[in-house]
Structure formats: C-alpha cells, structure tokens
Amino acid sequence: PNWEENTVVFDGTSFGTNGYYNVISKKDYVLVPGAAVESEIVLNNAAGNRRQVLHIIEVDPSNPDVSIVPGYCQIDKDLENEANWSHKELTEMAKYYEQTLGYNIVGGMNTDLYYTTYSPRVLVYNGKSIGNFGENVATDGGVLNPTSSILYVFQDAEGNISCDVKAFNKADLEAYLAEGTLLHAVGVSFGMVVKDGQLVKTTELRESSGDAARSMVGVKEDGTLVICMNDGRGANNSVGFSDYEEGEAMLALGCKWAAN
C-alpha cells in the first residue's frame, strides 16, 4: 500500500500498519503499583503464519517508587581501571544490583550489544561519564562503530526524573553533562526506529532484514518509558520482527521516540 494510506494502530483487536496483526491475547501484570506495568501481547497475521510474542514494560520515570538505572556489572567501582571492566548476562547483572547495590529489580533489557573490550561505549552513572562517548578503540587498533542511539535519564533541579531516547550526538551528551541535568545514559546498539512520532522506515516490508528477536526502547509523549522485547527465531513459537516491524510496534505502543 501507499504510505499515505497506512495507519499504525493498536486498538485491542488489531496491531500494526492497517491492522496487519490480529491481537490473539494480552496479559497485564502490575510490577510497581501506579508506576510500572508488564504486558505480554501475542499477535498473528490473518494467514496465521507470522506469530509474534511481545514482552513490554511501561514505566513512569517520575514516580518516586521506581528508579531507571543502566546495567553494568561492577558499575559502583572505578571503571577507568580496566580490571573492573565487566559485563554479565542480564540475570547475573540483576543479581549484582540487588545483592551489592540494594535495588529490587523488577525488569531489565539489553541495549548495547557491542562490548568487544568489555568497556562501555557510552555510560553515564549518577552524573559521571564512565564510558568513552562511543569511540572505543579495538584491540587491533581499529575504531569500533560508535553507539547509534542513547537512552537518557535526566534529573532537574527539583529532583524530577524524565527519560528520552535520541540518536547519538557527542555534542549533545557533553552539553547535558555540563548542565548537570544528566543522571544516567546508556548506549543503544542500533538506530532510531521512531522519530517525533513518525516511522523511520516508511516502506511496509515484512522480512525486510530477516526476522529476529528484537529489543526496543522508547518514550511516549507523556514521558512514559517503554521497553519491549520480541521473541524470535522460533523461541516461544514467535517468528521475530523485521526492521520495519520494530518501529511499527513501538509506534503502535504509543512511542514518540524509539530505538533498537
């Protein structure tokens, strides 16, 4: 169809561009009353051959009962010391944050897959930059690809917390640090899929980049943070999304800005 005719929807029974997917089921679970909800949404197309399983957490970052923090094992140590560079599986990092840092973890997701030297490309924790602004130097002397996008967590002078997801821009990151409003930041591996309420990829292609499990993060107009993971490659009997469908899903979930 022509893009001008496309309407991305999520109305309880249909999901996606022109209602391509049928909503088979939706289950909601309260993680933090009034602040965080987890949902599992099962989709399939009319032919019944493109089943998708989405796991979504929506969080109000301004609620004092929740904290949004970057996940990096040993983040409480001096990460300028190479001996402290470390990353673990998500479950192990959650255990570290609970046992060492005292958090009660209710949800988490991978965002940056490229830790070739175990050094984070972008990482700001409690207002301190302990990453290298996306300019890792590989062990062979080459320069690794920079972070494509950033999940920002801001704190204003009154202590109010807000989040944003934008394309990586070193000057912007440095300006936020200089202003003193940037609490946390973490790199997101790939590019933006929704910008200012519009899909980045505007050609409706299923299997446009090969179906795969996907992880997306975004923010709604009202400031709600949305993290979404899509099972893929047959896991949980889920096909997985194409590149186009990543943005389609986040837009359907109400995100104004989102990245993969």
Side-chain angles (χ1 to χ4, degrees), residues 1-31 36-59 90 107-113 148-149 151 165 167 188-222 224-260:
N2 294 326
W3 176 248
E4 289 75 14
E5 301 172 356
N6 289 357
T7 303
V8 178
V9 299
F10 178 32
D11 59 11
T13 59
S14 300
F15 186 102
T17 306
N18 297 327
Y20 174 82
Y21 282 108
N22 297 316
V23 178
I24 307 303
S25 65
K26 181 177 184 289
K27 299 177 182 178
D28 297 325
Y29 309 89
V30 175
L31 299 178
V37 176
E38 178 183 4
S39 301
E40 180 189 83
I41 302 176
V42 179
L43 310 171
N44 211 332
N45 62 2
N49 60 7
R50 199 163 176 79
R51 187 176 188 269
Q52 308 283 4
V53 180
L54 308 184
H55 308 276
I56 302 146
I57 296 179
E58 298 189 28
V59 183
L90 188 59
M109 186 184 72
N110 293 321
T111 59
D112 197 338
L113 303 179
S148 295
S149 311
L151 167 60
V165 176
V188 182
S189 293
F190 304 110
M192 301 294 294
V193 295
V194 177
K195 288 184 177 180
D196 201 15
Q198 301 293 321
L199 289 175
V200 172
K201 292 184 179 295
T202 57
T203 302
E204 184 185 355
L205 289 176
R206 313 292 163 180
E207 305 179 23
S208 60
S209 60
D211 301 325
R214 307 288 186 178
S215 298
M216 294 83 73
V217 60
V219 288
K220 297 184 178 184
E221 180 77 41
D222 66 2
T224 300
L225 176 67
V226 180
I227 61 175
C228 176
M229 191 279 286
N230 166 229
D231 290 328
R233 299 189 179 98
N236 206 11
N237 294 316
S238 182
V239 173
F241 278 156
S242 67
D243 280 353
Y244 171 81
E245 290 174 316
E246 295 169 353
E248 176 186 47
M250 295 305 279
L251 191 59
L253 292 171
C255 292
K256 186 175 182 179
W257 301 90
N260 164 228

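Numbers here simply count residues along the sequence, with the first being 1. Small disclaimer: the values here were computed from a predicted structure and weren't measured.
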Fit a plane to each ring of Tyr21 and Phe15, take the angle between them on a 0 to 90° scale, and name the class: parallel (under 30°), tilted (30 to 60°) or perpendicular (over 60°).
-> perpendicular
- Ignoring hydrogens and geometry, is there a side-chain-to-backbone donor-acceptor pair from Asp11 to Thr13 under 3.5 Å? yes
Checklist entry - Quick one: do the Glu58 and Thr224 side chains pair a donor with an acceptor below 3.5 Å? => result no
- Message: Within the 4.5 Å heavy-atom criterion, are Leu225 and Val219 side-chain neighbours or not?
- Response: yes
CD1 (Ile41) and CD (Gln52) are apart, to the nearest 0.5 Å, by 12.0 Å
Got a donor-acceptor contact below 3.5 angstrom from the Asp231 side chain to the Ser238 backbone?
-> no
**Message:** With a 4.5 Å cut-off on side-chain heavy atoms, are Val194 and Trp257 touching?
**Reply:** no
The side-chain hydrogen bond (donor to acceptor under 3.5 Å, both in side chains) partners of Glu38 (sequence neighbours excluded) come to none
Side-chain touch Asp196/Lys256, heavy atoms, less than 4.5 angstrom: yes
With Leu251 as partner, the option from Thr17, Val200, Val193, Leu199 fulfilling side-chain contact (heavy atoms from CB on, under 4.5 Å) is Leu199
* To do: Count the heavy atoms of every other residue, nucleotide or ligand shown that sit under 6.0 Å from NZ of Lys26, and state whether that count exceeds 12.
  => yes
Test salt bridge (charged side-chain N to carboxylate O under 4.0 Å, His left out), reference Glu245, set Arg50, Lys201, Arg214, output is Arg50
Would a 4.5 Å heavy-atom cut-off, applied to side chains only, mark Ile57 and Met229 as touching? no
